[in-house]
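Below: one structure, written as structure tokens.
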Amino acid sequence: MAKIAVISPSSQLTVVVESLLVQRDLPIILAQASEATAVIIARRLIENGIEILISRGKTAELLRESVQIPVIEIRHTFLDCFNSYQKARIHSDNVAFLATSQAYANALSKALPFLKGASICTIDPFDKAESISSVFEQLRKDNINVVIGGLSLQKIAISYGMYYVMSEADPDSIDDAMSEALHLLKIEADKQRKNLELKKRYEMISAILNCVSEGLLSIDAELKITNINEIALRYLKPVEPGAKIKHQILRNSFSNVLQSGQSVSGVLVETGRHSLSINISPVMLHDNIVGAVASIQNQSEIKKIEQKMRLKHSESHTADKTFKDIIGSSPVLISAKHLAEKYARVESTVMIEGETGTGKELFAQSIHNASARAPGPFVAINCASFAASVIESELFGYVKGAFTGALQEGKIGVFEQAHGGTIFLDEISELSIDIQLKLLRTLQERKIIRIGDNKIIPVDIRIITASNKNLMRLIEQGKFREDFYYRICVLRLALPSLQQRQSDIPSLVMHLLQLQGHDNFSISKDVLHKLSQREWPGNIRQLSNIIERLVVVAEDKVIDEAMLDSVLADVAPMRISNDYQPDGSGDLPDEKYLLMNALKQVRGNRQQAAKLLGISSTTLWRRIKKHQDSDPIFFATLKYPV
């Protein structure tokens, strides 16, 4: 695209310029116009991208006054003055040069000593007609009948009967003007390129400064701000680049760093709106301190980050169990493991059913670690451990100010925490109908909405649920949604009770001793046989409690049959129902009597009662609550209330 244009005020000049453009093969536009018309054409050319103009004489002067881009003049030289004079002398010895521009007048003044009989008449073609006429009247009185000038005065000179010679343009002068324009264009291009590079560099520095989470501020040796990012601007406003640091403590700290050349850290600054912690380091150039740079942190933000890090540390959301950790070789266990391994290869939702203590979370972690989601988080939540009013916020999270007592920064729910991994919802039977309905939508769409928010958040999760209750019975009782059941029970995994896998008990006992750090204990075959023949209503959890008790009372790290009998004598012989019965049968009719007797023995201590019965304290609490709701008078007879 052409960036230079020549506006020629005469046809004679146009012919010479055309010839030179062809010779040099230059991308320069040529237009012929003079005076006011030249200005109109010049403005049109500028709109189309022209950056430099070339013209001559009065037209060049007029263009300089009318446009904002550079105008290069084709200079008058001695040679073109002499050539024009030679043509004029053919017609008369009395010749006058009509200088319409100061540049032309200057060139003529230098050439006049060599032009015998010639005179110079300075005239402005844009003067009033009377003034121009008076000039020509004077020329006539001076017997001047041949004049040399530009196109603008040709007609009036002829009207006074004078012979008119058009001033010539020296090709070398035109060539010089073109070269000067090309050089100027290169300078402008280099300047624009440098400006663009500087702008890019500035924008890059600005982007770097603003992408960090801290405030950044730099000053020069006179304590004037040279750079400041948006965060620092927000903390310290009103401040601006080029201004001096006004805050006294910050100013003194910068001054100390500039004088000593030593960094300082942990400078505490109160701005009235923010409590800031500032670190300052000097900027050195050739062993001279030329300024300093500071990083600024808001102390409240630091506290928030620490809280989040602690929360993340305490809730690591990792699964450390695999199928190798599932101990046993009984056919029912091997079958359950093989089925679980198949489930790990797909993404479908899994329902794990089984009594309390059968290892439902162990299987859930193993499925996660054997799946493609193993690198992601494994988030487990026990639905029975939260009150109905709290469980929704735990599942979905909430935004700032969602409800009274909400954390100021809001809270992320477990579904978001499990993004990219697996969420395990244990004891899902304890969820209310309302929460089941909300979870149904999450299961269908894999999207959640935090409490108090209207923003939909997509989550990439696999869901594994678990229950120790017969969910079909709960559906019949109207306590569990049927549509929710079929959504969570895409893949069903039923875990066998310890009673169904008694052959695994010896290996489980040895494994439990190892886990408890007592693998150097000796245990007789008779003890292992008796343990294998016993009924374990609390499943592996109860077996683990008994092993721990045996380790405590054992002498010389030997567990014998007499010791086992003594420990088992304290354990209630009747089976405690765990709500879940694979065959669909209900609770045993005398369960509440067992609970009451256990509580009486330990004077109402629930933790000791749970140990006595070989069940978890959560299961004990749930069973007490169930029977207390159905028969409060019965439990009111207890001397030690529950």
Side-chain angles (χ1 to χ4, degrees), residues 311-330 332-386 394-395 413-431 439 443 459-468 488-498 501 504 507-508 511-512 514-516 538-544 578 580 616 618-619:
L311 180 63
K312 188 173 182 180
H313 179 73
S314 62
E315 298 176 359
S316 56
H317 301 320
T318 57
D320 56 1
K321 302 298 182 182
T322 67
F323 286 115
K324 292 181 180 179
D325 295 309
I326 300 174
I327 307 301
S329 57
S330 60
V332 288
L333 183 67
I334 295 298
S335 176
K337 283 178 66 173
H338 285 170
L339 187 58
E341 288 169 349
K342 290 181 180 179
Y343 290 172
R345 300 171 197 153
V346 296
E347 287 284 304
S348 304
T349 302
V350 179
M351 161 62 77
I352 302 177
E353 298 177 329
E355 296 177 359
T356 297
T358 51
K360 294 186 287 296
E361 183 168 353
L362 176 60
F363 269 83
Q365 289 192 27
S366 300
I367 291 172
H368 169 79
N369 280 328
S371 73
R373 293 180 176 270
F378 176 86
V379 182
I381 181 171
N382 190 312
C383 301
S385 61
F386 294 94
E394 291 295 322
L395 293 173
V414 293
F415 278 98
E416 287 183 75
Q417 293 173 19
H419 181 73
T422 303
I423 185 168
F424 175 57
L425 303 176
D426 197 9
E427 297 201 53
I428 199 165
S429 59
E430 302 304 310
L431 292 176
L439 274 177
L443 292 172
V459 287
D460 173 24
I461 52 174
R462 187 195 188 164
I463 298 174
I464 300 177
T465 64
S467 176
N468 62 355
I488 63 176
C489 195
V490 179
L491 303 177
R492 180 175 177 271
L493 179 64
L495 300 186
S497 65
L498 192 55
R501 43 183 290 226
D504 291 334
S507 55
L508 281 171
H511 177 69
L512 290 170
Q514 186 177 5
L515 283 180
Q516 296 173 15
N539 291 295
I540 298 173
R541 196 169 293 154
Q542 184 185 13
L543 177 62
S544 177
N578 285 283
Y580 173 76
S616 69
T618 303
T619 299

(message) If I compare all heavy atoms of A384 with all of E430, which pair ends up nearest, and what's the gap?
(response) CB-CG, 3.5 Å
(request) Please check if the side chain of H419 supplies one atom and the backbone of D460 the other of a donor-acceptor pair under 3.5 Å. (result) yes
(message) Under the rule for side-chain contact (heavy atoms from CB on, under 4.5 Å), what residues qualify as partners of A418, not counting sequence neighbours?
(response) V379, I423, I461
(request) Sequence neighbours left out, what pairs pass side chain to side chain donor-acceptor pair (under 3.5 Å) with at least one residue falling in residues 319-329? (result) none
(message) Whether the side chain of S544 engages the backbone of I540 through a donor-acceptor N/O pair (distance < 3.5 Å, no angle test) should be reported.
(response) no
(message) I'd like to know if the side chain of R462 and the backbone of S348 have a donor-acceptor N/O pair within less than 3.5 Å.
(response) yes
(message) Would you say that V350 contacts F363 through its side chain, given a criterion of any heavy-atom pair below 4.5 Å between the two side chains?
(response) no
(request) For T422, enumerate each residue passing the side chain to side chain donor-acceptor pair (under 3.5 Å) test, keeping only those at least two apart in sequence or located in another chain. (result) H368
(request) Only counting residues at least two apart or in another chain, list the ones meeting side chain to side chain donor-acceptor pair (under 3.5 Å) with E427. (result) N382, R622
(message) If the condition is side-chain contact (heavy atoms from CB on, under 4.5 Å), which residues does I334 pass it with, not counting sequence neighbours?
(response) H338
(message) Treating N539 as the side-chain partner and S497 as the backbone partner, does any N or O pair qualify as donor plus acceptor under 3.5 Å?
(response) no
(message) Quick check for you: to the nearest 0.5 Å, what is the distance between Q542 atom CD and T356 atom OG1?
(response) 11.5 Å
(message) Taking the side chain as everything from C-beta on, heavy atoms only, tell me whether L498 gets closer than 4.5 Å to T358.
(response) no
(message) Using 0.5 Å steps for rounding, measure from the OG atom of S467 to the CG atom of D426.
(response) 8.5 Å
(message) Just so I know, are the side chains of L443 and I488 near enough to count as touching, which here means a heavy-atom distance under 4.5 Å?
(response) yes
(message) Checking E361 now: which residues fulfil salt bridge (charged side-chain N to carboxylate O under 4.0 Å, His left out) with it, not counting sequence neighbours?
(response) none
(message) So, using side chain to side chain donor-acceptor pair (under 3.5 Å) as the criterion, who are the partners of S330 when residues are at least two apart?
(response) D504
(request) Could you tell me the separation between the OG1 atom of T318 and the CZ atom of F378, rounded to the nearest 0.5 Å? (result) 9.5 Å
(request) Output yes when a side-chain donor or acceptor of K360 lies under 3.5 Å from a complementary backbone atom of E355, and no otherwise. (result) yes
(message) Nearest 0.5 angstrom please: N468 CG to L495 CG, how far?
(response) 11.5 Å
(request) Could you pull out all residues at least two apart from E347 that satisfy side chain to side chain donor-acceptor pair (under 3.5 Å)? (result) R373
(request) State the CD1-CD1 distance between I464 and I367, to the nearest 0.5 angstrom. (result) 4.5 Å
(message) Going by ring-ring contact (aromatic ring centres under 6.0 Å, His included), name the residues that satisfy it together with F415, two or more places apart in sequence or in a different chain.
(response) F396
(message) Between L395 and L425, is there a side-chain heavy-atom distance shorter than 4.5 Å?
(response) yes
(message) Please check: side-chain N/O of Y343 versus main-chain N/O of R492, any donor-acceptor pairing under 3.5 Å?
(response) yes
(message) Please list all pairs meeting salt bridge (charged side-chain N to carboxylate O under 4.0 Å, His left out) that have one or both residues in residues 334-345, counting only residues at least two apart or in different chains.
(response) none
(request) Using side-chain contact (heavy atoms from CB on, under 4.5 Å) as the criterion, list what pairs up with A370, not counting sequence neighbours. (result) F323, A344
